[in-house]
Amino acid sequence: MEMKMRRILILPTPHYLTCPPVRRTPLELADSKTRLMISRTLINRLLIFAFMILVGYSLAKAIQIKSVMGILLAITSLGAGIYFLYLLAKMKYEQEQEESV
């Protein structure tokens, strides 16, 4: 009975300690940051939208089965989500005011 030895091919992965830093021009950095910020903003909006949909669904289900506890918890979650959006907008406004000074 003969066994074949198989080797797993390990590909080199770039690492900040072993690889030299990649030099980029400021325009290239700005372009990559813009793309990351757009995707981050999109992901954040999708998460907030999904949260609000789930809260709305839980509120509808709680009303359907006439659960007072469920209704109170869903309304509390909805209030927390709206308050979070308010704080987020306030933070962005303050940050823009800080940058303009």
Side-chain angles (χ1 to χ4, degrees):
M1 191 174 206
E2 194 175 312
M3 289 182 62
K4 289 185 178 179
M5 297 295 283
R6 294 189 180 189
R7 246 176 103 187
I8 297 174
L9 181 63
I10 299 175
L11 297 173
T13 56
H15 192 265
Y16 71 96
L17 293 176
T18 59
C19 293
V22 177
R23 303 280 181 202
R24 293 187 180 159
T25 64
L27 288 176
E28 290 173 341
L29 285 174
D31 184 45
S32 66
K33 285 182 183 178
T34 303
R35 276 188 279 133
L36 287 174
M37 286 172 34
I38 289 171
S39 64
R40 184 175 178 190
T41 303
L42 180 65
I43 290 171
N44 287 344
R45 286 182 181 172
L46 287 175
L47 286 173
I48 292 168
F49 186 68
F51 174 76
M52 292 298 178
I53 286 176
L54 288 173
V55 169
Y57 178 76
S58 65
L59 182 61
K61 276 300 203 182
I63 291 171
Q64 180 185 11
I65 59 174
K66 298 179 178 116
S67 169
V68 176
M69 175 83 70
I71 292 170
L72 289 175
L73 289 173
I75 289 173
T76 303
S77 296
L78 184 64
I82 291 171
Y83 185 66
F84 171 75
L85 292 175
Y86 165 75
L87 289 177
L88 192 64
K90 184 178 173 183
M91 181 194 67
K92 284 183 182 180
Y93 176 75
E94 289 176 357
Q95 203 171 35
E96 288 174 1
Q97 291 297 322
E98 212 172 82
E99 288 176 359
S100 66
V101 172

Got a list of side-chain donor-acceptor pairs under 3.5 Å for residues 56-64, not counting sequence neighbours?
from  : atom 1 : to    : atom 2 : distance (Å)
Ser58 : OG     : Leu54 : O      : 3.3
Ser58 : OG     : Val55 : O      : 2.8
Lys61 : NZ     : Gln64 : OE1    : 3.4

Sequence neighbours left out, cut at 3.5 Å: what donor-acceptor pairs do the side chains of residues 78-88 make with other protein atoms?
none

Check: Hey, is CE on Met69 packed in by over 12 heavy atoms from elsewhere, all under 6.0 Å?
Finding: no
Under 3.5 Å, sequence neighbours excluded: what are the donor-acceptor pairs made by side chains of residues 94-101?
from   : atom 1 : to    : atom 2 : distance (Å)
Ser100 : OG     : Glu96 : O      : 3.4
Ser100 : OG     : Gln97 : O      : 2.9

Checklist entry - Is Phe51 linked to Ile48 within one hydrophobic cluster, defined over Ile, Leu, Val, Met, Phe, Trp and Tyr using a side-chain heavy-atom separation of less than 4.5 Å? => result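 Cluster IDs for Phe51 and Ile48 match.
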